[in-house]
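Data block below; observations after.
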Amino acid sequence: MDIRKRITFTYVALSTFSTLLLSVIVFVLFRENNRYHFLKRLDDRSKIVASIHFQHDPEKIKYYSNLKKNGLEELIEEEEYVLKINSANSFDYNTKLNLPNEFYSNILQTGKDYFEINSKYYLGQVFTERNQKYIVIVGARDRRGKTTTVYIVKILVFGGIGFIFLAFILGRFLAKRVINPVARITKEVNRISASNLHNRLPEVKNSDEISDLTATFNDMLDRLETSFEIQANFINNASHELKTPITTIIAEAEIMLLKEREKEEYVQSLENIYSQASKLGNLTESLLKLTQTGYDGNKQVLDIARIDELLLEVKSDLDKIYPDNRVSIKLNFAPEDSNLLLIACNKPLLELAINNIITNGVKYSDNNEVFVTLSANNESIKISINDIGIGIPPEDIPHLYEPFFRGKIAAKYIGYGLGLPLASKIIRMHDGEIQVQSEQNKGTIVTIIFKKSNLKKSNIKNSNVES
């Protein structure tokens, strides 16, 4: 069963249940109202019957008789009985009355009661005259009440059937109104494939769930289109970057094999081959690490580390590669509580990410000063890396995280355009955020923020890391 039919039948079922419940309530209340008013009429009759029975003045008896005959509405199959009470549990019984003993017992105990049988009501109550108690019983058939009850039942039945039919029509209309936007979205989505990812769903002006769904799907298409473009560029650039050193190595070897050469030529050729092989190895390692960060981030986060110690280890590694580097790590703003510096991470990968960013600062500032500042509080851990290098042109900033992208100014420096994309993926894997502020020829500030709400605090609490 499709959703449209399901909505229709659900609406009809709920409407039927509501109508049935309302009909039962109306019927019960209507019947109780009829019973109340009819018993009220019997109560008035019983008082008049008692007055006629107790009067000894003929004129008053005649007055009450005329009042009963002309002043009150006639009752159908009316019966009147006056029974003398002899004691607390004894009275003069009339054989014409075929009523249960409980009826009489309730009258004697409470002073008043009624009994219904086949739409005929009997009302009995106790009256006292000259210290003598009597039971006055008045009976009559509520034919009008029965007729009006049947009439209201017919109205409820036929009205209910009509309302259910109307609910079916309204349910189909409602289902159509609800499903049509979804059906339209499905139709548009079916037209979108890998070859036309630039297409988008028409925007919906209403601020409801359908407009949210449309906006969410369009956002997903934006991400998919970007991913496809990045993947295509990655494959093209990777194949080009890998092909260049391989072609150079093959060409160099072929030239050396054409004829015998001097020792110096072989040495120079081997140096060229070694240089290209090293370049190929570095590029392959970067690509493998970039691929590694595409795995499930939760499986990659294995360690608990202090971020200040991690920065010092990065600085130690940099000193080995660039002995004359001018990187300064400032821990002035680090908190006294060392627990605020703990972070759940894949330590080797996080070191690699921070190392790549700091190395970029060293490289693109021509080994000028690079300042690394660490701060932390109860809400976040922040690392700021500030260099005074060549900066980044505004038009290049949107492409910083695309693999193999290199701006025109950065092209004169050795690199593959993989360092920052790799660092970005690793930091995102740790639920972090990178912010880049740069001005051409003045320098760049890269800020890394790890929010405490995203850190795995349970792991930190169970850690044996010494602070």
Side-chain angles (χ1 to χ4, degrees), residues 1-36 119 144-232 294-299 425 428-429 431 451 453-454 456:
M1 182 184 295
D2 58 27
I3 297 179
R4 184 174 300 179
K5 292 181 180 178
R6 194 179 304 168
I7 292 176
T8 302
F9 289 144
T10 302
Y11 184 80
V12 171
L14 292 175
S15 299
T16 302
F17 175 76
S18 302
T19 303
L20 181 61
L21 182 62
L22 178 63
S23 299
V24 171
I25 293 174
V26 169
F27 174 76
V28 171
L29 292 178
F30 183 82
R31 187 178 179 186
E32 289 299 319
N33 184 67
N34 274 351
R35 178 184 287 117
Y36 170 79
S119 298
R144 178 177 296 177
K146 183 177 181 180
T147 303
T148 54
T149 300
V150 172
Y151 181 71
I152 195 68
V153 167
K154 289 181 179 179
I155 292 177
L156 292 174
V157 169
F158 290 107
I161 293 174
F163 183 77
I164 291 172
F165 179 74
L166 179 63
F168 177 76
I169 297 175
L170 293 177
R172 287 178 60 87
F173 175 75
L174 173 65
K176 186 176 180 181
R177 287 290 302 272
V178 171
I179 296 301
N180 272 357
V182 179
R184 176 182 56 81
I185 291 175
T186 303
K187 184 178 179 181
E188 293 293 332
V189 168
N190 287 332
R191 294 179 181 177
I192 299 174
S193 62
S195 60
N196 58 352
L197 278 175
H198 59 279
N199 289 346
R200 295 293 180 270
L201 298 179
E203 293 185 2
V204 181
K205 299 296 183 182
N206 300 330
S207 57
D208 55 13
E209 288 80 359
I210 298 298
S211 63
D212 292 342
L213 176 62
T214 301
T216 301
F217 194 84
N218 283 337
D219 290 341
M220 184 189 70
L221 287 176
D222 290 337
R223 294 193 297 271
L224 281 176
E225 185 179 14
T226 302
S227 297
F228 270 72
E229 290 178 354
I230 291 175
Q231 184 181 27
Y295 297 153
D296 184 4
N298 293 329
K299 295 179 181 178
K425 292 191 69 174
R428 285 205 313 270
M429 188 182 78
D431 293 325
K451 292 185 179 179
S453 59
N454 296 329
K456 294 178 172 58

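The basis for the numbers below is simple: all heavy atoms, side chains too, and nothing from hydrogens, waters or symmetry mates.
- Across every non-hydrogen atom of Ser23 and Leu156, the tightest pair is O-CD1, 3.5 Å.
- Partners of Asn218 under the side-chain hydrogen bond (donor to acceptor under 3.5 Å, both in side chains) rule, at least two apart in sequence or in another chain, do not exist in this structure.
- For Arg35, the salt bridge (Lys or Arg N to Asp or Glu O under 4.0 Å) partners are Glu32, Glu116, not counting sequence neighbours.
- Here CD1 of Ile161 is found 13.5 Å from CG of Leu166. Values are rounded to the nearest 0.5 Å.
- Listed by chain and number, the residues in a side-chain hydrogen bond (donor to acceptor under 3.5 Å, both in side chains) with Thr147 amount to none (sequence neighbours excluded).
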Throw together a table of side-chain donor-acceptor distances under 3.5 angstrom for residues 13-21, partners on residues two or more places apart or in other chains.
{"residue": "Ser15", "atom": "OG", "partner": "Tyr11", "partner atom": "O", "Å": "2.8"}
{"residue": "Thr16", "atom": "OG1", "partner": "Val12", "partner atom": "O", "Å": "2.7"}
{"residue": "Ser18", "atom": "OG", "partner": "Leu14", "partner atom": "O", "Å": "2.8"}
{"residue": "Thr19", "atom": "OG1", "partner": "Ser15", "partner atom": "O", "Å": "2.7"}

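- Under the side chain to side chain contact (heavy atoms under 4.5 Å, CB included) criterion, Lys187 pairs with Arg191, sequence neighbours left out.
- Using a 4.5 Å heavy-atom cutoff, the side chains of Asn33 and Leu29 are not in contact.
- The side-chain hydrogen bond (donor to acceptor under 3.5 Å, both in side chains) test applied to Arg31 returns no partner, not counting sequence neighbours.
- The CZ atom of Phe27 sits 13.0 Å away from the CD1 atom of Ile155 when rounded to the nearest 0.5 Å.
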